[in-house]
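In this chain, numbering begins with 1 at the start of the sequence shown.
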Amino acid sequence: MTSDFSNTLNLVTDKLVAWAEQFVVMLPNLVVAVLLLTVTIFAARLVKRLATRFLPRVSHSVTINSLIATLVYFVVLLFGLFFVLSVLNLDKTVTSLLAGVGIIGLALGFAFQDIAANFISGIIIAIQRPFNVGDMIKTNDYFGVIERIRLRTVDLRQPTGEMVLVPNRKVFENALINYSVNTMRRVDLDCGVAYDSDLDQVREVVLEAVQQVPHLVRERAPEVMFTEFADSAITFQLRFWIPYKRQVDYVGAKSAAIMSIKKAFDEAGINIPFPIRTLHVPGGAVLPVALQNEEVDTNKS
């Protein structure tokens, strides 16, 4: 029993002595490795700082500049780590590490395809810059002002106040309307007048009324186009241009045009007809009370 304990103690002692001797042999390498790691961290921070200062001269996208600076930082750290492992004679560890990173990256690529697609789409959007923060856009049936452009989503604030996070892949793959590219927008307003109206007079009254709309673009003349012989009216479309920055500009101009046209029609005696339904009763028969009430209600509406 004592002999077994002594053998075990000797094995442990020999192992500790061997490790101590190995540590003494590797001590210069460890010192160099620590110094190299320190220099690498300092160099990575310096390169990131320089990249952060230089990139705005090339690109105005804060998102893409931050991404590139971060990538440069990690690339410098990665190269420094490989040199440190080489100094410690851990070359096989470097090879294993690279192989492991490749396998893990492949597995993560399959597992997070959507996230990767959104990330890549975000980079492309940041480079191409089809829109900017503050632009009014419509995409994927969502309409609003861009508040933030992230590497994964585009954040839209809808006119009703809701915040919508639209994945970058959806924005990149689908059609997009940017209302802020032009500083003007055309307002289309549909209306109708009675069949006995003088259409020349209608056109003249409408064109005069639309001049009362605030901030009307005078360089683009308003247009009145008669469009259809409808069931109870001759319909027309008024088209005019306004300066456009926010959705309230469009909605406000349309509201002002409706109010101005209604007032002008009332003064000129031009009628905007109600929808009419005519009931033909054979032989002059008397309608049931329920149908008479329904007819009265229809005419009131």
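A distance of 9.0 Å separates CZ of R185 from CG of D188, quoted to the nearest 0.5 Å. Here the straight-line distance linking atom CD1 of I272 with atom SG of C191 works out to 4.0 Å at 0.5 Å rounding. Note that OG1 of T139 and CZ of F131 are 7.5 Å apart. Values are rounded to the nearest 0.5 Å. Interatomic distance, CD1 of I146 versus CG of L156, reported as 6.0 Å (0.5 Å rounding). Rounding to the nearest 0.5 Å places CD1 of I125 at 11.5 Å from CZ of R169. I242 CD1 to K254 NZ: the interatomic distance, rounded to the nearest 0.5 Å, is 10.5 Å.
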For side chain to side chain contact (heavy atoms under 4.5 Å, CB included), just list the numbers for T227 and Q237, CA-CA rounded to whole Å, side-chain angles, deciding distance to a tenth of an Å, and then say yes or no.
CA-CA 7 Å; T227 55; Q237 185 178 78; 4.2 Å; yes
Using the side chain to side chain contact (heavy atoms under 4.5 Å, CB included) rule, take F236 and L199 through it: C-alpha gap first, then chi angles, then the decisive distance, then the call.
CA-CA 10 Å; F236 67 88; L199 298 187; over 6 Å; no
Run T38 and L36 through side chain to side chain contact (heavy atoms under 4.5 Å, CB included) and show every step you take.
CA-CA 5 Å; T38 304; L36 183 59; over 6 Å; no
Stepwise side chain to side chain contact (heavy atoms under 4.5 Å, CB included) check, L207 with V224:
CA-CA 7 Å; L207 291 178; V224 174; 3.6 Å; yes
Which side-chain N or O atoms in residues 75-82 pair as donor and acceptor under 3.5 Å with protein atoms at least two apart or in another chain?
none

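Under a 3.5 Å cut-off, the side chain of T235 and the backbone N or O of E228 do form a donor-acceptor pair. With hydrogens and angles disregarded, a donor-acceptor distance shorter than 3.5 Å links the side chain of N178 to the backbone of S180.
Within the structure, the side-chain hydrogen bond (donor to acceptor under 3.5 Å, both in side chains) test picks out the following pairs touching residues 199-214 (sequence neighbours left out): Q211-R218. Applying the salt bridge (charged side-chain N to carboxylate O under 4.0 Å, His left out) rule to pairs touching residues 231-250 yields E223-R239, sequence neighbours excluded. Applying the salt bridge (charged side-chain N to carboxylate O under 4.0 Å, His left out) rule to pairs touching residues 152-164 yields E147-R157, R148-D155, R150-D155, sequence neighbours excluded. Applying the side-chain hydrogen bond (donor to acceptor under 3.5 Å, both in side chains) definition to pairs two or more places apart or across chains, those involving residues 255-271 are K262-D266. The ring-ring contact (aromatic ring centres under 6.0 Å, His included) analysis of residues 166-203, with sequence neighbours excluded, yields the pairs F143-Y179.
Closest of all the heavy-atom pairs between S197 and I270 is OG-CG2, 4.1 Å. Nearest heavy atoms, A257 versus L189: CB-CD2, 4.0 Å. When every heavy atom of V210 is checked against every heavy atom of L216, the shortest pair comes out as O-CD2, 3.7 Å. When all heavy atoms are compared, the tightest approach of Y244 to M136 is OH-CG, 3.3 Å. Scanning both residues, G192 and P273, for their nearest heavy atoms gives O-CD, 4.0 Å. What you find for A264 and V205 is that their closest heavy atoms are CB-CG1, 3.5 Å.
Put simply, V248 and V213 are part of two different groups of oily side chains (I, L, V, M, F, W, Y) that touch within less than 4.5 Å, one to the next. In the hydrophobic clustering of ILVMFWY residues, with side-chain heavy atoms under 4.5 Å counting as a link, V47 and V39 come out apart. If you chain together hydrophobic residues whose side chains sit under 4.5 Å apart, V145 and I177 fall into the same group. Both I41 and F74 sit in one connected hydrophobic cluster of ILVMFWY residues. Membership requires side-chain heavy atoms under 4.5 Å apart, directly or through other members.
Judged purely by distance below 3.5 Å, without hydrogens or angles, the side chains of N132 and R129 pair a donor atom with an acceptor atom. Using modelled atom types and a 3.5 Å distance limit, the side chains of N118 and N168 yield no donor-acceptor pair.
Taking the side chain as every heavy atom from C-beta outward, L238 and I261 approach each other to under 4.5 Å. A heavy-atom distance below 4.5 Å is found between the side chains of V133 and I149. In this structure the side chain of R186 never reaches within 4.5 angstrom of the side chain of F240, judged on heavy atoms. Side chains of Y250 and V187 form a contact here, defined as non-hydrogen atoms less than 4.5 Å apart.
Shown here is M259, whose CE atom has no more than 12 heavy atoms of other residues, nucleotides or ligands within 6.0 Å. Residue-environment remark: CZ (F226) exceeds the threshold of 12 foreign heavy atoms within 6.0 Å. Remark: Y142 OH is loosely packed, at most 12 non-hydrogen atoms of other residues, nucleotides or ligands lying under 6.0 Å away.
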